[in-house]
Every structure is written in C-alpha cells, then in structure tokens.
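Both counts, for ligands and for their atoms, begin at 1 and track the order of listing.
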Amino acid sequence: MTRVFNFSAGPGTLPEEVLLQAADEMLDWHGSGQSVMEMSHRGKNFISIAEQAEADLRTLLAVPDGYHVLFLQGGASLQFEMIPMNLIQGRNVADYINTGEWAKKAINAAKALADVNVAASAEDRSFSYVPDPSEWQVSENAAYLHYTANETIGGVEFGWIPDVGDVPVVSDMSSNLLSRPLDVSRLGLIYAGAQKNIGPAGLALVIVREDLVGIGEPAPPAMLDYATHAKARSMYNTPPTFAVYVAGLVFQWLLENGGLDAAEERNVAKAKLLYDFIDSSEFYLNPVEVADRSRMNVPFRLADSALEADFLAGAAKNDLVELKGHRSVGGMRASLYNAMPIEGVQALVDYMADFAATKG
Ligand code: PMP
C-alpha cells in the first residue's frame, strides 16, 4: 500500500492513526458486534461516542461555559443562511468583511435574508490581504459582524479576532478551526464544515453563545433554528453518525499529540518551510501580503503558467497529489491541514526545487 501526500483543500487528508483505528473498529466497535455506521443514534453506544466527541472538542478549544456545541449537516454553506435567519432580529443590518470567494458566498447568501453592509473589502487588490480594521465601515447597530477566518481559495487568513465592541462576531473557520488555539469567548458564533481539519464531509460544527440562540425574528423553521438543535443536543433528527465518530477520533488524536498549542507549532513550521522556499525562488510566487498569509492553504503560481500541467503530472509521479488551484483562480494550491506531516511539505519543497532547476 502506498499512501500519497494529499494536499487537497477538502475533503482533505486525515491522520493515518485515525484511519487505522476506524478500520480496526469497522466491523465491531468496542465489542458491540456492530459498526458505528449500523448503530441507532439513540442507542447508548452512539450516545457515548457523540458525548465523548463533544467533550473532547470542548477540551481542545477550552470552550467556556455558556456556549452550545452543535453537530449539524448541510455543510458550512447552510450556515451562510442559518446565521442571518437566526441572528437577525427584525430589520437589523449585518456587517460582513469581504476577503475572498468564501466571504462573497456568505455575503450573497445573507443578502437574500438581511440588510447586508459590506464593512470592508479586499477586492481592490484581488483579495490578497485582510483590510485594516481602522478602515472598516461598521454599522451602528449590527446584529453581528461576519468574517472568514481563512479563505481556503485565496490563502488569506486572519491571525487575530476582530473586536467590534458589543456586536457579536461570527467566524467561518471551515479551513482553520483546530489549527491553532482560539479564544472562543471573543466570538459569538463559530462554524466550520468538517471535511478539512476535523473529519469526513457531511458534518458541520457550530459553536454558538447561548444568548444568540432562539432570538431570530421571524423564528426560522425548526430544522434551521439553532434552538431546535441545541435543545435536542444535536439529535433532533439522525445526525451524520459515522462523521461524528471519525471527528471524535480526530479530536482524540489531537489531544494525544499535545492539543492545539502543539498543532499550531507544527503548522507554523510547515507553513514556514513552504513560504520560505517560495520566497527564495524566482520561479514560484505567492501573491498574499506576508502578514495575512494562510498557514492552511498556500496558493502559488509558476513563473510560466504553460508549465502547470507538467508540474502537476510530475508531482503526482512523486505521490504529491491535489495541488491544482481552485478552478476560479487557477495556479497551484497546497493545503497543509493538521494531518499533513512536515515530511509531506519537505517532499513538496524538494520536488518544487527539482522542477524549477530542470524547467526554470
Ligand atoms: N467556507 C469556507 C472557508 C470553505 O472553505 C468552504 C468549503 N471549501 C465552505 C465555506 C463551504 O463549505 P461546505 O462545502 O461544507 O458547504
């Protein structure tokens, strides 16, 4: 068996230990004689899996009291709509920071449901930076401020949490949740599709402050109301059981490997290795302002775009896969999620150096 280094932006690479454990437990979970996939979500076995996953996530992120942790479906994209439906009260305006393709999607979804004020946009420079907060045009009475903590396509990451006084801050952390420690208390709502740093596709995580639940006006339909899922402990309907189970294994893997402080250290080292190489080379270019560069998703271009197909084919021969950039922006992109070992990044840098030496 050969496992490749998978640089996919998501669904992305998962820790090998987690996959091995899931394989080991596939037919018989802890002597139950059944696979987790076959268990009733209301039975004691699955309830214990879900409770452990939630407890471990709370430990990892040091989630303070007063927050619900919800395991939902519909991906991060459904959150683009649930957020305004649940947080807008009457005719309130919602502030959004536009830093790229995912922020734009969130903004467009919200526009159908709320008065949206784009308080700042980085579109003027092709989404290559985070606008300085001193220039944000925030509304006086916003229901919330939404930002995209990590732009998976553009490779722009907030290294800090915006402070807008009493206005609740809502963060799309689909591609960087669990990549570093986080002060949850500074956020009103955090959401993430699981399929990058957390687990398999099909699961979305929402961490929401209790006072922001049950305030939507008009009240959203039951399935789209955080209050429904909070009250039912994410068991209002059948949850994505296998995805919750694997996410739980990922949480345990993180805890066993030093928690989020250690994850951050590994992620800083991996990102530095790749960015330092790109910056030292005439052949490769990353367009993002240095201070706003993502540790998770590193887009880069070749000096000659005609060489892209060659680059990708050669990479695949070296077991380095999924390096093609998003179709909306082209170029290359290497995603360096928690489960990507530094050996994978070193192998990529070695290949990039060889390729530049031969073709440059
Ligand atoms: N936000 C960000 C930052 C993303 O990267 C993605 C998915 N790539 C989404 C939202 C949408 O997530 P989903 O496909 O789970 O709806």
Side-chain angles (χ1 to χ4, degrees), residues 6-14 70-85 94 96-113 121-123 127-130 144-159 161-162 169-180 182 187 189-207 223-224 229 234 239-240 242-244 246-247 250 267 288 292-299 322-329 333-340:
N6 176 7
F7 294 92
S8 168
T13 186
L14 286 169
L70 306 177
F71 292 83
L72 305 180
Q73 300 187 56
S77 300
L78 186 59
Q79 294 312 309
F80 293 163
E81 285 157 3
M82 281 177 75
I83 287 159
M85 285 177 130
Y96 278 75
I97 308 302
N98 184 11
T99 45
E101 299 305 317
W102 290 109
K104 277 202 283 189
K105 287 223 161 80
I107 289 166
N108 287 335
K111 275 186 178 161
L113 298 155
S121 173
E123 196 152 17
F127 295 119
S128 60
Y129 70 105
V130 176
Y144 60 90
L145 175 126
H146 177 285
Y147 76 104
T148 308
N150 186 63
E151 286 284 354
T152 320
I153 295 174
V156 171
E157 182 170 14
F158 282 70
I161 298 172
V169 177
V170 172
S171 185
D172 177 355
M173 298 200 168
S174 291
S175 43
N176 69 349
L177 188 66
L178 304 184
S179 68
R180 56 165 90 199
L182 178 68
L187 293 148
L189 188 150
I190 297 159
Y191 67 102
Q195 64 274 16
K196 297 154 196 303
N197 249 343
I198 297 166
L203 170 68
L205 286 185
V206 173
I207 302 173
M223 270 296 284
L224 302 176
H229 299 287
S234 306
F242 198 74
V244 171
V246 178
V250 171
N267 289 328
V288 179
D292 303 326
R293 282 173 165 178
S294 169
R295 292 175 185 166
M296 293 287 102
N297 309 97
V298 183
E322 302 282 358
L323 285 161
K324 196 171 165 53
H326 191 269
R327 60 190 183 283
S328 63
V329 292
R333 172 177 51 173
S335 296
L336 312 180
Y337 297 129
N338 283 337
M340 172 59 64

- Item | Working for side chain to side chain contact (heavy atoms under 4.5 Å, CB included), residues Val246 and Ile198 | CA-CA 8 Å; Val246 178; Ile198 297 166; over 6 Å; no
**OP:** Just do the side-chain hydrogen bond (donor to acceptor under 3.5 Å, both in side chains) check on Ser179 and Asn267 with the steps written out, would you?
**Re:** CA-CA 7 Å; Ser179 68; Asn267 289 328; 4.7 Å; no
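- At a 4.0 Å heavy-atom cut-off, ligand 1 does not touch Leu78 at all.
- Using a 4.0 Å cut-off between heavy atoms, Ser174 contacts ligand 1 through its side chain alone, with no backbone atom that close.
- Considering backbone and side-chain atoms alike, Thr148 places every N or O at 3.5 Å or more from each N or O of ligand 1.
- Checked by distance only, ligand 1 and Ala76 come closer than 3.5 Å through their nitrogen or oxygen atoms.
- Closest heavy-atom approach to atom 2 (C) of ligand 1 within the set Trp102, Tyr191, Phe80: this belongs to Trp102.
- Classification of the Phe80-His146 ring pair by plane angle, with boundaries at 30° and 60°, yields perpendicular.
- Set against the non-hydrogen atoms of Gly75, the atoms of ligand 1 under 4.0 Å away are 15 (O), 16 (O).
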If you apply the rule side-chain hydrogen bond (donor to acceptor under 3.5 Å, both in side chains), what do you find for Ser328 with Glu101, and how did you get there? CA-CA 9 Å; Ser328 63; Glu101 299 305 317; 4.6 Å; no
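- Within the 4.0 Å heavy-atom cutoff, Asn150 counts among the residues contacting ligand 1.
- Ser77 OG, 2.6 Å is the protein heavy atom nearest to atom 16 (O) of ligand 1.
- Comparing Gln195, Met173, Glu101 by heavy-atom distance to atom 14 (O) of ligand 1, the nearest is Gln195.
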### Message
Using side chain to side chain contact (heavy atoms under 4.5 Å, CB included), reason through Arg333 and Leu323 one step at a time and then give a plain yes or no.
### Response
CA-CA 5 Å; Arg333 172 177 51 173; Leu323 285 161; over 6 Å; no
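- If you check which protein heavy atom lies closest to atom 1 (N) of ligand 1, you get Asp172 OD2, 2.6 Å.
- With rounding to the nearest 0.5 angstrom, the CE atom of Met85 is 5.5 Å from the CG atom of Leu113.
- Counting atoms of ligand 1 from 1 in the listed order, those under 4.0 Å from a heavy atom of Thr152 are 2 (C), 3 (C), 4 (C), 5 (O).
- Under a 4.0 Å N-O distance rule, the pair Arg180/Glu157 qualifies as a salt bridge.
- Checked against the 6.0 Å centroid threshold, Tyr144 and Tyr96 count as a close aromatic pair.
- Here Lys105 has no heavy atoms under 4.0 Å from ligand 1, in either its backbone or its side chain.
- Some N or O of Lys196 is nearer than 3.5 Å to an N or O of ligand 1, by distance alone.
- To the nearest 0.5 Å, atoms CE (Met173) and CG (Asn150) are separated by 9.5 Å.
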